[in-house]
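Note that this is a predicted model, so its numbers are computed, not measured. Residue numbers count from 1 along this sequence.
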Amino acid sequence: MKRTAFTEIANLLSLSSSSQQFPSPKMEDSAAGNPKKSGPRQCCICNQKRAALKRPKTLEQICRECFYEVFEEEIHQVIVENQLFKPGERIAIGASGGKDSTVLAYVLSELNKRHNYGLDLFLLSVDEGITGYRDDSLETVKRNETQYGLPLKIVSYKDLYGWTMDEIVKMIGLKNNCTFCGVFRRQALDRGAALLKVDKLATGHNADDIAETVLLNILRGDIARLSRCTSIVTGEDGPIPRCKPFKYTYEKEIVMYAYFKRLDYFSTECIYSPNAYRGFAREFIKDLERIRPRAILDIIKSGENFRISTSTKMPQQGTCERCGYISSQKWCKACVLLEGLNRGLPKLGIGRNRGVHNNQKDINPSNGTKSIESKQCGTLDF
């Protein structure tokens, strides 16, 4: 069942009638009989208008207009201070139709015009082939294309790999399906970006996402990913660099911005992700935030300051012998997973099982120096 924007905000913010973060005439009338009702608070920034919300990040009580201004200005400062973009660059925005990517597309489009970034912006979506979820969210992205005037490119798992997530789940079940989807989506975005011939890919990863990733990498003992997961720009040694303009932006504030701006976004969770391992880290982060809102930024700061011992052996970056994608192994993870699917052994590439590499003698891998968009992955030859 789809959740309304207000329901999502209520779930995120744990609103109560006493908080009055989203005041309405009905709420005010219902409280009129209470003689102890306090008067409306003024915005702590402009001191002129009535406060409409309490910022999750700072706990400041501010009006909507000041919230829009500080929200957009903070993102602008992150872009400028980290030199995320250069004039004339072609930038693809990873667009799922959800709140993060929708707000990112809207804000980047506004800032690009307001501050003369000089960017050519595009929307890039991935169709994983999840009936009842992705097909609906892509309709939202198509409306965003018209609303924001940004060209849209859609790439699909079926075209890229010969499989949809619906088909994969039927074979693998719900336990490890997120592994397949995450690996395939990352490569699909890179291939779509290559087809658009963009200089960089901007994603809607927010502060909550990054804090979750820091914790996950610690829990998994994944030193390689831990050393780079807080970087605001990644993949500079790969085909298409990626950047995260929302690195320090709280998820709650993104939802509030989308709600107050009445942006058109899709809020239903993926039907295959209820048991995802990341979900447990997400709940832990939310619990910490309720106790201490600053905890999210502190976790990110800790991740930024981690130092990897010089004696730790790190994986060497190379290219996949089969498709040419970046990989620290002979075959990239996508090709390993695809090989298992195509051979009827879907668990072959899960976890520490790398048995597929032992049987590569039977397969003639692609060689050469073709660019990523022209190399074969699975069944598709670009």
Side-chain angles (χ1 to χ4, degrees), residues 94-98 101 124-139 141 153-195 203 213 216 220 222 225 266 268-280 282 320 322-327 329-360 362-363 365-366 372-373 375-382:
S96 66
S101 62
L124 174 60
S125 295
V126 177
D127 181 2
E128 299 95 340
I130 304 176
T131 305
Y133 169 67
R134 184 55 73 207
D135 46 359
D136 291 338
S137 69
L138 285 176
E139 291 303 313
V141 178
K153 174 69 177 178
I154 301 175
V155 294
S156 73
Y157 282 10
K158 189 66 173 180
D159 290 339
L160 291 172
Y161 311 115
W163 292 80
T164 65
M165 277 308 300
D166 287 341
E167 294 168 341
I168 292 172
V169 169
K170 285 181 181 179
M171 177 176 284
I172 190 71
L174 291 173
K175 185 175 181 180
N176 294 301
N177 58 291
C178 288
T179 297
F180 284 83
C181 197
V183 171
F184 288 167
R185 187 191 304 113
R186 179 174 181 81
Q187 189 170 132
L189 282 170
D190 279 340
R191 290 178 177 274
L195 291 172
T203 64
T213 304
L216 283 172
R220 291 168 174 162
D222 195 333
R225 287 189 174 89
F266 185 79
T268 300
E269 295 291 338
C270 175
I271 60 177
Y272 294 143
S273 68
N275 298 318
Y277 187 38
R278 177 177 285 271
F280 297 100
R282 180 176 297 116
C320 174
R322 192 179 193 192
C323 73
Y325 192 69
I326 54 173
S327 175
Q329 304 292 328
K330 290 184 178 181
W331 282 17
C332 69
K333 187 67 171 179
C335 283
V336 172
L337 293 175
L338 275 173
E339 181 66 12
L341 287 172
N342 293 331
R343 290 170 53 183
L345 301 170
K347 295 185 179 180
L348 197 61
I350 299 296
R352 298 182 181 277
N353 193 334
R354 295 292 182 269
V356 68
H357 293 295
N358 297 328
N359 298 315
Q360 287 183 17
D362 301 330
I363 300 162
S366 301
I372 184 172
E373 71 270 21
K375 296 285 293 230
Q376 186 180 23
C377 183
T379 60
L380 178 69
D381 190 0
F382 281 93

First locate atom [atom1] of [X], then atom [atom2] of [Y], and finally report the distance between them rounded to the nearest 0.5 Å.
X	Y	atom1	atom2	result
Asp136	Thr131	CG	OG1	9.5 Å
Ile326	Asp190	CD1	CG	6.5 Å
Asn177	Asp166	CG	CG	10.5 Å
Ile172	Tyr272	CD1	OH	13.5 Å
Leu160	Glu128	CG	CD	11.0 Å
Leu338	Ile168	CG	CD1	7.5 Å

**Request:** Using the six-membered ring wherever Trp is involved, compare the ring planes of Phe184 and Tyr161 and label them parallel, tilted or perpendicular (cut-offs 30° and 60°).
**Result:**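 Geometry flag for Tyr161 against Phe184: parallel rings.
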
[Y] and [X], any side-chain heavy atoms less than 4.5 Å apart:
X	Y	answer
Leu138	Arg134	yes
Asp127	Val155	no
Cys181	Tyr157	yes
Arg185	Ser96	no
Gln187	Cys323	yes

**Message:** I'd like to know if the side chain of Asn342 reaches the main chain of Glu339, judged simply by a donor and an acceptor atom lying under 3.5 Å from each other, with no hydrogens or angles considered.
**Reply:**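 Answer holds: no.
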
**Message:** The criterion is ring-ring contact (aromatic ring centres under 6.0 Å, His included); which residues satisfy it with Phe180, sequence neighbours excluded?
**Reply:**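 Result, ring-ring contact (aromatic ring centres under 6.0 Å, His included) vs Phe180: none returned.
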
**Asked** Taking all non-hydrogen atoms of both residues, which atom of Cys320 and which atom of Cys335 are closest, and how far apart?
**Response**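 Heavy atoms only, the tightest pair is SG-SG, 3.9 Å.
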
**Asked** How close do Pro346 and Leu341 get, heavy atom to heavy atom, and via which atoms?
**Response**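 Shortest heavy-atom contact: CB-CD2, 3.9 Å.
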
**Message:** Checking Ser125 now: which residues fulfil side chain to side chain donor-acceptor pair (under 3.5 Å) with it, not counting sequence neighbours?
**Reply:**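 Side chain to side chain donor-acceptor pair (under 3.5 Å) check on Ser125 returns nothing, list empty.
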
